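All remarks here apply to the structure that follows.
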Amino acid sequence: MANSLARSDEKSTAQLEVVEGRKIPKGLAEIKALMGDTKRTPGYLFDAVLTEQQRKIICFAAGLKQRHIKMSFYKFDVQERKAVHKAILNLQSIVATFEDANVLMPEKFECTQPKFDVVPHLVEEPNTKTQTH
């Protein structure tokens, strides 16, 4: 009986050695490293990567104040952070619209003639109501 216990202890030790000696695949290790990377956060990008002009655009689109441009993202409250997130997504959709139409080249903005007379939502509706005196 003692021999059978000794053999089972040897087997469990051998199994543990296999598990302990196992390495994490390279791809999983890279994913794990990216998830813990402090440079892959909105705050880091806002504070350290974006230019002042880019921060101005985002703050304006988010409806924030001039003071937010110089503030650290980490000092924003939750509502301000959500506004920044929403503004970035809105800006992304605007860029996507122009990309989808293939009109982001500088020459398209220089001398492009309109192929239509009027853009309905940009023209004031005529006042059809007559005023009586």
Side-chain angles (χ1 to χ4, degrees):
M1 176 120 175
N3 279 342
S4 64
L5 287 176
R7 285 183 196 154
S8 66
D9 286 342
E10 289 174 14
K11 287 181 185 178
S12 65
T13 305
Q15 289 175 351
L16 290 177
E17 288 176 21
V18 173
V19 172
E20 290 175 353
R22 190 172 168 196
K23 294 188 178 186
I24 298 175
K26 183 180 178 183
L28 289 177
E30 289 172 356
I31 291 171
K32 186 176 178 183
L34 287 175
M35 290 174 65
D37 189 359
T38 58
K39 292 182 179 181
R40 297 183 67 84
T41 63
Y44 177 82
L45 293 174
F46 187 88
D47 293 347
V49 176
L50 295 183
T51 64
E52 184 174 349
Q53 181 65 28
Q54 291 168 329
R55 287 191 306 274
K56 282 181 185 179
I57 292 167
I58 290 172
C59 288
F60 178 79
L64 300 178
K65 308 251 187 252
Q66 184 79 21
R67 64 182 169 86
H68 290 94
I69 297 166
K70 300 282 186 186
M71 279 176 63
S72 170
F73 182 81
Y74 297 108
K75 292 185 179 178
F76 289 8
D77 63 30
V78 174
Q79 291 172 335
E80 293 165 340
R81 290 180 186 195
K82 286 182 179 181
V84 167
H85 179 248
K86 187 176 179 180
I88 291 169
L89 293 177
N90 285 333
L91 291 169
Q92 179 184 21
S93 70
I94 293 168
V95 171
T97 300
F98 279 84
E99 281 181 343
D100 291 346
N102 198 24
V103 296
L104 276 178
M105 295 77 66
E107 59 270 11
K108 294 282 187 178
F109 287 86
E110 292 170 0
C111 298
T112 304
Q113 295 296 321
K115 298 193 190 263
F116 47 84
D117 292 333
V118 176
V119 178
H121 69 278
L122 296 178
V123 177
E124 288 185 72
E125 293 182 26
N127 190 358
T128 57
K129 296 179 184 177
T130 56
Q131 292 181 350
T132 56
H133 293 276

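All figures in this text were calculated on a predicted structure; none of them were measured in a lab.
Note that CD of Gln79 is 11.0 Å distant from CG of Leu64, once rounded to the nearest 0.5 Å. To the nearest 0.5 angstrom, Ile58 atom CD1 is 13.5 Å from His68 atom NE2. The distance from the CD atom of Gln92 to the CD atom of Glu99 is 9.5 Å, given to the nearest 0.5 Å. Here the straight-line distance linking atom NZ of Lys75 with atom CZ of Arg67 works out to 11.5 Å at 0.5 Å rounding. Atom CG of Leu45 and atom CD1 of Ile88 lie 8.5 Å apart (nearest 0.5 Å). Here the straight-line distance linking atom CD of Gln66 with atom SG of Cys59 works out to 8.5 Å at 0.5 Å rounding.
Closest of all the heavy-atom pairs between Ala62 and Ala87 is N-CB, 3.6 Å. Across Asn90 and Ser93, no two heavy atoms sit closer than the pair O-OG, 2.8 Å.
Both Ile94 and Val103 are assigned to one and the same hydrophobic cluster, defined by single-linkage of ILVMFWY side chains at heavy-atom distances under 4.5 Å. In the hydrophobic clustering of this structure, Tyr44 does not group with Ile69; members are Ile, Leu, Val, Met, Phe, Trp, Tyr whose side-chain heavy atoms approach within less than 4.5 Å, directly or through other members.
In this structure, the side chains of Lys86 and Lys82 stay at 4.5 Å or more apart for every pair of heavy atoms. By the 4.5 Å heavy-atom criterion applied to side chains, Tyr74 and Asp47 are counted as neighbours. In this structure the side chain of Lys70 reaches within 4.5 angstrom of the side chain of Glu52, judged on heavy atoms. The shortest distance between side-chain heavy atoms of Thr41 and Phe73 does not fall below 4.5 Å. Residues Gln53 and Ile57 are in side-chain contact: their nearest non-hydrogen atoms beyond the backbone lie under 4.5 Å apart.
Phe98 and Phe109 have parallel rings, their planes meeting at less than 30° on a 0 to 90° scale where 60° marks the start of perpendicular.
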